[in-house]
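Within every chain, numbering begins at 1; the chains are lettered A, B, ... in the order of the sequence lines, protein sequences first and strands thereafter. Treat the numbers as computed from the prediction; the structure is a model and nothing was measured.
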Amino acid sequence: MNQIQRIYNKLHSSFGPQGWWPLTVSGYKTRHHSGEPKNDRHRLEIIIGAILTQNTSWKNVEKALENLSKNKLISIERIKKISQDKLAKLIRSAGYYNQKAERLKIMADFLLKNPMKKLDKLSIGELRERLLAVKGIGPETADSIILYAFQKPIFVIDAYTKRIFERLGFKEKDYDELQRLFMDNLEKDYKTFNEYHALLVELGKNHCRKKPSCEKCPIAGYCNGK
DNA sequence: CGCCAGGGCCTCA
DNA sequence: TGAGGCCATGGC
């Protein structure tokens with residue numbers, strides 16, 4: 001077994017299954033105890049959440065999602081109709097609210113022209129290319145959407161992932177390189193990629209923070225410290 | 001009070 | 001292609 005796989009096993013047995021994506025307003029999580037999307041509304045909530053959480057803690061995003069939900073704005077058509085200014089006020093708690101309001105509007109446009117049913121039929125490569133062409137959607141957001149909204153096997157790299165694996169001593173640095181490291185060393189399995197990324201977020205929040213606290217870190221044995 | 005959070009775009013070498 | 005500025009709130 002390779003190191004990438006070993007680290008996954010250790011994290012999984014320590015933290016347990018994470019069941020991402022953390023749907024919060026679509027009512028799916030409470031009914032089914034799983035964040036897996038079942039319909040287009042769930043998918044849209046994930047897409048919106050992925051944009052809102054750019055460089056922002058999930059806690060701040062939840063409030064914004066609640067506000068959107070109250071105003072029936074987990075809807076492509078309703079996002080189209082509302083003014084960007086009003087939208088910005090509703091998502092204020094997520095930070096960068098003017099930018100993010102614009103990004104949500106642009107994404108709504110994109111989804112009107114590219115219905116999810118059609119996007120779902122595309123190959124991963126093609127879907128990724130189309131998402132990356134949308135202004136405001138970079139590699140991490142695109143991959144989060146592909147993995148968590150469309151349940152296709154691609155590995156999401158975020159700031160936590162970069163930090164954790166740098167500390168572990170891996171030399172891969174840029175996004176694509178790091179992504180390949182995971183995809184080449186794991187089964188190309190949607191559930192594995194889903195869980196692994198979620199587990200890394202958990203590790204990053206609780207142990208491998210900017211200022212690390214390694215005492216109780218479950219993978220301290222694989223790490224040089226630092 | 002200062003630091004940081006599940007990025008991405010733009011500009012300028 | 002890489003570094004640096006910019007966008008901003010809320011938790012700790």
Side-chain angles (χ1 to χ4, degrees), chain A residues 7-8 11 15 17-25 29 35-37 43 45-68 84-110 128-151 154-167 171-180 182 192-213:
Chain A
I7 290 167
Y8 172 75
L11 291 175
F15 293 143
Q18 302 296 302
W20 271 31
W21 182 271
L23 286 170
T24 56
V25 297
K29 193 178 181 182
E36 293 189 4
R43 291 198 176 88
E45 183 186 328
I46 293 169
I47 292 169
I48 292 171
I51 291 172
L52 291 182
T53 199
Q54 287 172 351
N55 201 35
T56 301
S57 68
W58 185 251
K59 200 80 191 133
N60 287 6
V61 172
E62 283 179 324
K63 245 196 204 163
L65 283 171
E66 303 277 359
N67 282 339
L68 292 180
Q84 192 172 307
D85 250 28
K86 285 185 182 171
L87 187 57
K89 288 190 175 70
L90 290 171
I91 62 171
R92 183 175 173 280
S93 72
Y96 310 114
Y97 48 85
N98 288 313
Q99 264 195 1
K100 286 174 179 176
E102 183 188 9
R103 289 178 186 181
L104 291 180
K105 299 284 282 181
I106 292 172
M107 179 52 75
D109 274 333
F110 173 77
R128 189 170 199 265
E129 218 171 293
R130 297 229 196 152
L131 288 170
L132 287 177
V134 178
K135 185 180 171 191
I137 306 301
E140 185 190 334
T141 308
D143 290 338
S144 293
I145 292 171
I146 295 168
L147 178 66
Y148 291 107
F150 289 94
Q151 299 176 269
I154 196 159
F155 204 93
V156 177
I157 305 299
D158 65 351
Y160 289 137
T161 313
K162 290 175 189 161
R163 189 161 70 210
I164 292 165
F165 283 81
E166 176 165 3
R167 283 179 179 157
K171 65 181 192 318
E172 291 79 356
K173 279 192 178 313
D174 66 65
Y175 194 99
D176 295 337
E177 215 179 359
L178 216 36
Q179 185 176 57
R180 240 179 293 121
F182 290 96
T192 306
F193 292 171
N194 177 327
E195 278 296 317
Y196 206 155
H197 174 69
L199 288 164
L200 289 175
V201 171
E202 196 60 19
L203 183 73
K205 279 183 184 169
N206 296 318
H207 305 283
C208 208
R209 292 187 278 242
K210 195 140 219 169
K211 201 177 166 64
S213 66

Inset, instruction - Spell out, as yes or no, whether a donor-acceptor pair under 3.5 Å connects the side chain of A:Tyr175 to the backbone of A:Ile157. - result: yes

Legend entry - A:Asn60, nearest nucleotide to its side chain (from B:dA5, C:dA8, B:dG8): B:dA5

Legend entry - Flag, side chain of A:Glu195 to backbone of A:Gln18, donor-acceptor distance under 3.5 Å: yes

Inset, instruction - Under 4.0 Å between any heavy atoms, over every strand shown, what does A:Gly138 touch: base, sugar-phosphate, or nothing? Just pick one. - result: sugar-phosphate

Legend entry - Minimum-distance nucleotide (side-chain atoms of A:Gln99 versus B:dG7, C:dG11, B:dC4): B:dG7

Legend entry - A:Asp174 CG to C:dG2 P, straight-line distance once rounded to whole Å: 7 Å

Legend entry - Pair A:Lys59 + A:Glu62: basic N to acidic O under 4.0 Å: yes

Inset, instruction - Select base, sugar-phosphate, or nothing to describe what A:Asn55 touches, counting heavy atoms under 4.0 Å on all strands. - result: base

Inset, instruction - Return the nearest nucleotide to the side chain of A:Arg92; candidates are C:dA8, B:dA5, C:dG10. - result: C:dG10

Legend entry - Nearest listed nucleotide, side chain of A:Asn98, among C:dA8, B:dA5, B:dG8: C:dA8

Inset, instruction - Indicate, with a heavy-atom threshold strictly under 4.0 Å, whether A:Lys135 touches base, sugar-phosphate, or nothing. - result: sugar-phosphate

Inset, instruction - Using a heavy-atom cut-off of under 4.0 Å over every strand shown, decide if A:Ile137 touches base, sugar-phosphate, or nothing. - result: sugar-phosphate

Legend entry - B:dC1 versus C:dC7 - spacing of their C1' atoms, nearest Å: 22 Å

Legend entry - Complement of C:dT9, any strand, by Watson-Crick or G-U distances under 3.5 angstrom: B:dA5

Inset, instruction - Calculate the interatomic distance between A:Glu140 atom CD and B:dA5 atom P; express it in whole Å. - result: 12 Å

Legend entry - Nearest to side-chain heavy atoms of A:Lys59, which nucleotide of B:dA5, B:dG8, C:dG11: C:dG11

Inset, instruction - Take atom OH of A:Tyr175 and atom C1' of C:dG2, then tell me their distance rounded to the nearest Å. - result: 19 Å

Inset, instruction - Starting at atom CD of A:Gln54, determine the distance to atom C1' of B:dG7, rounded to an integer number of angstrom. - result: 5 Å

Legend entry - Listed nucleotide nearest any side-chain atom of A:Arg103, set C:dA8, B:dC4, B:dG7: B:dG7

Inset, instruction - Could you tell me whether a side-chain N or O of A:Lys100 sits under 3.5 Å from a main-chain N or O of A:Gln54, the two making a donor and an acceptor? - result: yes

Inset, instruction - Answer with yes or no whether the side chains of A:Gln179 and A:Asp143 bring together a donor and an acceptor at under 3.5 Å. - result: yes

Inset, instruction - Report the distance from atom CH2 of A:Trp58 to atom C1' of B:dC4, rounded to the nearest whole Å. - result: 18 Å

Inset, instruction - Round to a whole Å and report the spacing from OH of A:Tyr96 to P of C:dG5. - result: 14 Å

